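The structure appears below as structure tokens.
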Amino acid sequence: MDLPVKPDTRDRVVRLLGRRIIFPGEILMTGNGYLQLTLYLVVLLLLVKPLGTYMANVYEGRIRLINRFCLPFENLLYRLCRVKPAQEMHWTQYAVAMLIFNVLGALAVYALQRLQTYLPLNPQAFSAVSPDSSFNTAVSFATNTNWQGYGGETTMSYFTQMAALTVQNFLSAATGMAVLVALIRGFARQSAETIGNFWVDLTRTTLYILLPLAFIFSLVYVGQGMVQTFSTYQTVPLVQPVEYDNPKLDAAGQSVKDEKGNPVTEKAVAKEQVIALGPAASQIAIKQLGTNGGGFFNVNSAHPFENPTPLSNFLEVLSILLISAALCYTFGRMVGDTRQGWAVLAAMTIVFVAMLALCVGSEQSGNPLLAKQGVDQTASAMQAGGNMEGKETRFGVVNSALWATATTVASNGSVNSMHDSFTPLGGLVPMWDMQLGEVIFGGVGSGLYGMLIFAIVAVFVAGLMIGRTPEYLGKKLQAFEMKMSAVALLLVPLVILVGTAIAVLTDAGKAGVANPGAHGFSEILYAFSSVANNNGSAFAGLSANTVFYNTALGIAILLGRYWLAVPVLAIAGALAAKKKIPVSAGTLPTHTPLFVALLVGTVIIVGALAFFPVLALGPIVEHLIMVGVH
Amino acid sequence: MMDVIFIALMVGFFVLTIGLVYGFDRLLRRGS
């Protein structure tokens, strides 16, 4: 059937924005879409105070129920590990404990992957994971990044998924939250030599926050139809055989290519399908709550067994930001002024809503090249409308764009759609979210400590403007804190830009790119932005399971996590040792809308200045090409 | 051989980072 071609009456401004002409009566987004986005934000913000209060009480040991029933078990753990919970740590001891715990975790994950052939719960008889992939996955999961160069259901045994990956989902999240609590204590204490006990913070976070929440969410997910089984994969006949092109391989297993270098394919017919199963629900709950993001299955939460219903989709995307948002209130409670926490939360929410609007708007507007061909991309009762490439029809544009924005402002990295298929501006949003430093909600713990570093810089800049010594939460900010803040803020952009440059200059780096030109560049830039900020989401289109990418991205992951956490702990130690200054007429209030605006400006300017040139080479130029600006 | 390289890479990175901790602490104690 010939579709009616709508007249192209776009003017130059419309072309630059990349919008299609909006015809009278045309609906860009349904009321249902607006309702879902509003509901998401309302539920998220309503949960901030109760969960934030609970977490503050956990860290300050004020939960009676826990003290009565769980403390004996907690103390037993300390006795077994020879930890003295009452013994507090200097910041260097805290940092070294964190590092030693994490390297042991990484080594354990590495060993479990290499030895999985000899370990139980391997019904598919998967062989050992390759050394480079094991290294990448080990550091990725130990650092809360969960970048996955492998496909879960074709690589990892159930035992590896549970004992290596799920365990690290808990422990890496708890590590980030422990570092944050140490920084908060730095602000809250005065003239103190210590910032808490790492082992106690780690244990309480895991036992009283992450495990109970993950248990509840797992049960709900199982109720929704998420798989949780040790059964072997099921082979089922297809209702209708499917014919497809299979790449022809030579004796060495390499793809055969024709004279022009194109891969040679041969027709094949699939009559049955293997359905992958496994203990997924228990991994998915902590994957979202702990902002880990590593999928049980290769396509992550676009897989029906990993995200079966609209309710599971809502709960999963809610739990991505839940703990990070609530930690803002925890911060306010622990420093004795909840207005400070609300101010930080307000700054995060403003940037999040702006990014969400850009992403939803870009995706809902669809692709102007398809519109030119007369393809109907309008939202209606019959279809979600907009750019549906790479998206689950179950979730549509709005829920895909919401997830993409939430998963990248947080250092989560799970996906329910393929970001590679977003429009250039829609794809720019997740990339830029990460490049802002994962401080808009961010990872559990790591997002807020990153944001507090930005707050320190914002206060410093404000202090310079009015000629006063900068202070934040009653603590004078001096040369050492500013040097550490500079290290923390500059290191990640350096890793991303240098890593991307190396990849685009080397054959090994270019070999993994599936798309030429600006889009291929975006794929590499996205990968380094994702790993250096410990996000873990992939733009797809980049074959990253190679020795080059496994090693280069693994090193970027390590640098982005620990060379940021160590300066943060150093700041915590420096601040804890200082006396509190009473509020005076010269104190910059840090709970007002003015400060929120200053904080948002600092985040945006630092992100924009560091990454605008490189974004111009990728998604921005791709957008201009798409809308026909030459 | 590859196992040795990657394990050394991980351990080496963490040893280097522990060195960074004490380097920063020295900077802090110097008061700068």
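Proteins come first, then strands; the chains are lettered A, B, ... in the order of their sequence lines, and each starts at number 1. Values in this document were obtained by computation on a predicted structure and should not be read as measured data.
A:Met482 does not touch chain B: none of its heavy atoms, backbone or side chain, sits under 4.5 Å away. With a 4.5 Å cut-off on non-hydrogen atoms, A:Leu569 does not touch chain B at all.
Qualifying side-chain hydrogen bond (donor to acceptor under 3.5 Å, both in side chains) partners for A:Thr137, counting only residues two or more places apart in sequence or in other chains: none. Residues that satisfy the side-chain hydrogen bond (donor to acceptor under 3.5 Å, both in side chains) test with A:Glu88, not counting sequence neighbours, are A:Arg189, A:Thr194.
Most heavy-atom pairs under 4.5 Å with chain B, from the set A:Asp132, A:Val139, A:Ile100: that is A:Asp132. Considering only heavy-atom pairs separated by less than 4.5 Å from chain A, the leading option among B:Ile18, B:Ile5, B:Val15 is B:Ile18. Ranked by non-hydrogen atom pairs under 4.5 Å with chain B, the options A:Pro567, A:Ala95, A:Ala570 are led by A:Pro567.
A:Tyr110 and B:Phe6 have tilted rings, their planes meeting at an angle from 30° to 60° on a 0 to 90° scale.
For the residue pair A:Ala574 and B:Leu28, the shortest heavy atom distance occurs at CB-CD1, 3.6 Å. Annotation for B:Val11 and A:Val103: closest pair CA-CG2, 4.4 Å, computed over non-hydrogen atoms. Annotation for A:Phe480 and B:Phe24: closest pair CE1-O, 3.5 Å, computed over non-hydrogen atoms.
Rounded to the nearest 0.5 angstrom, A:Arg561 CZ and B:Thr17 OG1 are separated by 12.5 Å. How far CG of B:Leu27 is from NZ of A:Lys483: 5.0 Å, rounded to the nearest 0.5 Å. Taken to the nearest 0.5 Å, the OH atom of A:Tyr562 stands 14.0 Å off from the CG atom of B:Leu20.
Within a 6.0 Å radius of NZ in A:Lys580, more than 12 heavy atoms belonging to other residues, nucleotides or ligands are found.
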Evaluation steps, side-chain contact (heavy atoms from CB on, under 4.5 Å), between A:Leu104 and B:Phe14
CA-CA 10 Å; A:Leu104 292 177; B:Phe14 279 95; over 6 Å; no
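Here the side chains of A:Ile555 and B:Phe13 are not in contact, with every heavy-atom distance at 4.5 Å or above.
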